[in-house]
Amino acid sequence: MKTTLRWTLSAGLVLASGLTGLGHATAVASPETSLAITIHVRNYAGVTPQILTQAEQVATEIYRKAGVETRWADIVLSENSQVNSVDHQAFTLADIQLSIFPDVMSDRLGLSNSVMGLAPCTGPDRGIVYVFDSKVRNLSWTVLSAYTRGDMDRRVSKGQVLGHAIAHEVGHLLLNQQGHSALGIMRGEWGFADLRDAADGLLLFTPQQGEFLRADVRSRNTRQDTFKDAALESPVLAP
């Protein structure tokens, strides 16, 4: 497996997609150069390059507005590659492993339609998140149908939904947060009002969450040398 590293200009456990609720957060500080994470993407679901690129751009902007820089490393998978292969790389605490799983994985886990992603385990310094393509696709179709009927005045693309789902799940890691919030991107249920905000770039981390995000990323970068020779340890799923 090969890694294609793309540098951006800047930068749930469960994410429910219920269509109720509203509220968005406010953008805060611009990113410090040292506040950066690298998200290593294993696209097992075969999401198209166009959609994946848009999703990464959306997540980048969300974290940029929270004062965190994101870098993206797209893993080119071989036919027989497994989720737990680290391609002989040494990861630090500032390296996040993202797996985008196909329909078979969400079916195998028996997930409801409202669950778009998981951030497994508990505690600080976690580094693995999962997003399920079928659940992202289902919500995208629901929103498109609402837009076609005139129930929504904004069209939300699959790339936008995927980007927000990724940002949400990574947020669970960096915030060390198991539950959800009443406002912003860390809400557990996204309604039409939230998705309208997503289309306008307004579904964000709250200012307080931004402070926690920056503190965690700063800590991960400060301590990264200690972990250079050790792979991240966390349960993984095989596609």
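Any value given below was found using the heavy atoms of this structure, including those in side chains, with hydrogens, waters and symmetry copies removed. Keep in mind that this is a model prediction, so the values were computed, not measured.
Going from atom CD of Q160 over to atom CZ of R155 covers 10.5 Å, rounded to the nearest 0.5 Å. For the atom pair CG of L204 and CG of L183, the computed distance is 12.0 Å after rounding to the nearest 0.5 Å. Interatomic distance, T122 OG1 to R126 CZ, rounded to the nearest 0.5 Å: 6.5 Å. Distance check, rounded to the nearest 0.5 Å: CG of D216 to CG of L173 gives 8.5 Å. The distance from atom CG of L162 to atom CD1 of I100, rounded to the nearest 0.5 Å, is 5.0 Å. For the atom pair CG of N43 and OG of S99, the computed distance is 10.0 Å after rounding to the nearest 0.5 Å.
Taking the side chain as every heavy atom from C-beta outward, W190 and M116 approach each other to under 4.5 Å. In this structure, I39 and R71 have side chains that are not in contact, with every pair of non-hydrogen atoms separated by 4.5 Å or more. Contact of the R154 side chain with the D200 side chain is registered, since non-hydrogen atoms from C-beta on lie closer than 4.5 Å. In this structure the side chain of Y63 reaches within 4.5 angstrom of the side chain of L213, judged on heavy atoms. No side-chain heavy atom of M105 sits under 4.5 Å from any side-chain heavy atom of Y130. Between E69 and L35, every side-chain heavy-atom pair lies at or beyond the 4.5 Å cut-off. With a 4.5 Å cut-off on side-chain heavy atoms, L98 and V131 count as touching. Side-chain contact between N176 and P124 is present, with heavy atoms from C-beta onward closer than 4.5 Å.
Of the charged side-chain nitrogens involved, none lies within less than 4.0 Å of a carboxylate oxygen, so that D74 and R42 do not count as a salt-bridged pair. Ionic pairing of R108 and D103 is not present here: no N-O contact between side-chain nitrogen and carboxylate oxygen is shorter than 4.0 angstrom.
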Inset, instruction - Take H172 and H168, measure what side chain to side chain donor-acceptor pair (under 3.5 Å) needs, and give me the verdict at the end. - result: CA-CA 7 Å; H172 277 297; H168 176 104; 3.1 Å; yes

Inset, instruction - Let me see the working for L195 and L203 under side-chain contact (heavy atoms from CB on, under 4.5 Å), right down to the final yes or no. - result: CA-CA 8 Å; L195 293 166; L203 188 61; 5.7 Å; no

Inset, instruction - Evaluate the criterion salt bridge (Lys or Arg N to Asp or Glu O under 4.0 Å) for residue pair E189 and R187; output intermediate values, then yes/no. - result: CA-CA 6 Å; E189 295 186 354; R187 281 175 48 82; 5.8 Å; no

Inset, instruction - Apply side-chain contact (heavy atoms from CB on, under 4.5 Å) to F101 and D133, showing your working. - result: CA-CA 6 Å; F101 284 128; D133 179 59; over 6 Å; no

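Taking every heavy atom of both residues into account, I51 and V47 meet most closely at CG2-CG1, 3.6 Å. When all heavy atoms are compared, the tightest approach of G163 to I62 is O-CD1, 4.5 Å. The minimum heavy-atom distance linking M152 with R196 is given by the pair CE-N, 4.0 Å. Of all heavy-atom pairs spanning A36 and V217, the tightest one is N-CG1, 3.4 Å. The two residues I96 and L93 have their closest heavy-atom pair at CD1-O, 4.5 Å. Looking at every heavy atom in both residues, V136 comes nearest to V161 through CG1-CG1, 3.8 Å.
Of the listed residues (I166, L52, I75), just one forms a side-chain contact (heavy atoms from CB on, under 4.5 Å) with V41, and that residue is L52.
When only modelled atom types and interatomic distance are considered, D95 and T92 share a side-chain donor-acceptor pair under 3.5 Å. If you check the side chains of R64 and T60, you find no donor sitting under 3.5 Å from an acceptor.
For the pair R137 and W141, the distance from NZ or CZ to the six-membered ring centre is under 6.0 Å and the angle to the ring normal is within 45 degrees.
Aromatic rings of F205 and F212 (six-membered ring for Trp) have centroids beyond the 6.0 Å cut-off, not under it.
V58 and L144 are not part of a single hydrophobic cluster, where members link through side-chain heavy atoms under 4.5 Å apart.
For the pair R214 (side chain) and A66 (backbone), a donor-acceptor distance under 3.5 Å is present.
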